[in-house]
Amino acid sequence: MDSARTSSGAATPGGGALTVRAALDLPILRGGAPEVVVGSDNLDIPLRWVHVFEVRDIASVLRGGELLLSEGRMFGSAVEDRRLIAELTERGVAALVIELGPRHRTLPKNVVAACREHGLTLIALHLPVAFIDITEAIHSQIVSYKLGLLDSAHQLQDRLTQLALANGRIPEILDILAEAVQNPVIYERQYGGFVYQALHTLTERDVAAAWEQFTRRIGTAPDALETVLAIRERSAGRIVALSLNRPFTEADEVALERTAGIISLVLMRDEHQDSVAARNQRGFLTALMHGEMPPYRAESRAATLGFTAPVLLPLAIRAAAHHRSRPLSLEDRLWKQIWDDVNAEMKGRRVSAMIDQAPSNDISLVMLGLEDVTQRRAAVDRFAAVVQEAADRHIGMPNGAIICAGSAVHTWQAAGEGLILSVEAMEGSMQSQPRAWHDAVDLDLDRLLWSLRQNPDLARFAHLRLDTLLDHDRQRRSELFKTLQVLLRLNGRKAEAARALHLERQSLYSRVERIESLLEVDLDDPDTRLGLHLALRIMRQLPEAVDDFWD
């Protein structure tokens with residue numbers, strides 16, 4: 001579980017981590033009369049290590065975050081110097097320190113120019129200093145800081161482990177984490193909607209507003225740390241800390257990572273307890289799907305409940321997504337109202353329907369009764385319209401429910417199998433284009449691509465065609481990728497694409513020319529558009545797909 005830092009701007013490290021600025025303030029380096037020649041705005045970068053070097057091939061052994069010390073013996077060739085500075089920057093070196101003396105009375109102009117060009121911090125030492133004393137002082141600071149990090153992480157983990165063993169719950173764990181990072185923390189389920197939040201001295205309104213900004217990626221959103229929760233190699237949501245009280249430190253990242261491991265264990269424990277309880281309290285359709293109710297008993301029990309239709313139509317339904325800043329408990333209440341409306345509507349239309357309702361983040365099961373198998377499509381259309389209208393009314397989201405329909409069948413054994421098929425189709429349907437309902441019997445293109453998303457050839461096909469455009473948009477903050485999506489969705493019709501993107505035609509034509517130049521394609525060619533459209537559909541199903549780039 002790797003924690004990630006999300007920021008609307010440059011993060012400022014703190015909390016004891018040794019930075020370039022702090023290193024320059026050490027007595028041993030102060031004695032060298034240091035002068036920051038380039039990069040005075042980058043002095044708060046944390047240092048990972050310090051190296052002394054006098055050879056050009058140093059870049060291959062660097063891992064980033066190093067402070068490099070040198071007398072500059074290898075500098076002299078303008079071309080080679082620029083190449084070396086570019087390599088050091090690419091490796092993520094924190095700063096380059098050159099001691100002036102017999103070799104260089106002043107810093108080489110080509111080195112200064114290259115550092116400015118690549119944004120590498122360059123520092124001159126005007127007085128001689130023993131490099132071994134510098135490395136010893138800095139390494140001592142770094143090791144001491146790392147040991148302090150480990151010690152605090154162990155203390156936090158021990159405290160959380162004791163709480164988990166005492167049957168502690170997730171809200172209590174989040175409170176401890178929020179106290180450790182001195183900022184609010186939120187636990188969000190996999191498909192959206194936060195379940196728990198630890199406010200840490202702030203009001204619920206303040207945290208809700210910050211969460212809304214963060215999830216909508218608004219420019220004024222606070223910095224955030226997040227880590228994914230996993231249970232048996234599947235995602236169980238994420239833990240997000242919002243920087244509202246103070247900036248995050250490396251210690252906070254470690255705390256979040258350790259806490260995520262404890263929460264994953266608690267979720268596994270709770271999941272096991274829930275499954276045991278569910279075996280004793282399953283709904284009728286849930287028990288049928290899991291093989292806990294024989295078909296003959298299902299038929300008898302359905303008849304007792306007045307469900308005697310000759311044809312059975314199984315469906316699986318769940319929320320399409322959660323409101324980003326709406327707690328899961330509120331979503332559950334809203335979905336209960338949706339199901340109340342659906343039940344009332346079905347009774348009013350005298351449609352035979354059995355519903356096993358589940359929480360909004362889980363799958364509900366439905367069995368419709370028909371007179372003939374030929375009524376299947378019309379019946380699903382009518383039922384889906386009722387559900388989607390109710391969802392739009394209560395949660396304000398068109399196609400707010402994902403509905404997967406199985407085959408119309410005559411036996412309860414086949415109906416149980418149909419429920420399984422509908423549930424299995426749900427994950428792929430969640431990755432498909434929104435629609436009133438999905439046919440679990442007919443494997444559409446999006447679900448087919450979802451089932452093949454781990455195939456490396458499929459991923460290679462998409463990346464080869466689109467990576468150039470994605471990289472361009474990331475670097476230039478342009479919208480060529482979005483333009484391509486709209487254009488392909490409209491089958492290359494430029495006038496309609498310009499209207500959809502709210503662009504003047506000439507602006508769209510300029511974008512199209514740029515896309516064609518970057519991808520080396522002709523978008524007027526139908527086969528080219530087909531290949532790119534397929535690449536787009538594939539890329540959207542890949543595990544590394546980034547939501548920001550999708551129209």
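Surrounding CD of Glu516 are more than 12 heavy atoms belonging to other residues, nucleotides or ligands, all under 6.0 Å away. Around the CD atom of Glu117, the shell of radius 6.0 Å holds more than 12 heavy atoms that belong to other residues, nucleotides or ligands. The local environment of CD1 in Ile132 is sparse, with at most 12 non-hydrogen atoms from other residues, nucleotides or ligands closer than 6.0 Å.
Using a distance-only test at 3.5 Å, with no hydrogens or angles considered, no donor-acceptor pair links the side chain of Arg238 to the main chain of Glu188. Formation of a donor-acceptor pair under 3.5 Å by the Asn183 side chain with backbone atoms of Val181 is found in this model.
Under 4.0 Å is where a charged nitrogen must lie from a carboxylate oxygen, and between Asp252 and Arg246 at least one such pair does. The pair Glu179-Arg159 meets the salt-bridge criterion, with a side-chain N (NZ, NE, NH1 or NH2) lying under 4.0 Å from an Asp/Glu carboxylate O. Between Asp81 and Arg56 there is a salt bridge, since a side-chain N of the basic residue sits under 4.0 Å from a carboxylate O of the acidic one. A salt bridge between Glu87 and Arg83 is absent, with no side-chain N of the basic residue lying under 4.0 Å from a carboxylate O of the acidic one.
Rounded to the nearest 0.5 Å, atoms CG (Leu174) and OH (Tyr187) are 9.5 Å apart. Here the CD1 atom belonging to Ile218 is positioned 5.5 Å from the CD atom belonging to Gln213, to the nearest 0.5 angstrom.
Between Leu29 and Leu125, some side-chain heavy-atom pair lies under the 4.5 Å cut-off.
For His118, there are no ring-ring contact (aromatic ring centres under 6.0 Å, His included) partners at least two apart in sequence or on another chain. The side-chain contact (heavy atoms from CB on, under 4.5 Å) test applied to Asp362 returns Ala358, Pro359, not counting sequence neighbours.
In summary, the side chains of Thr203 and Asp206 do present a donor paired with an acceptor at a separation below 3.5 Å, with no hydrogens or angles considered. Under 3.5 Å, the side chains of Glu99 and Ser70 contain no donor-acceptor pair of N or O atoms. Between the side chains of Ser478 and Asp473, at least one donor N or O sits under 3.5 Å from an acceptor N or O.
A cation-pi arrangement is absent between Arg217 and Phe214 under the rule of less than 6.0 angstrom and at most 45 degrees off the ring axis.
In plain terms, the two heavy atoms of Gly32 and Val129 that are nearest each other are CA-CG2, 3.3 Å.
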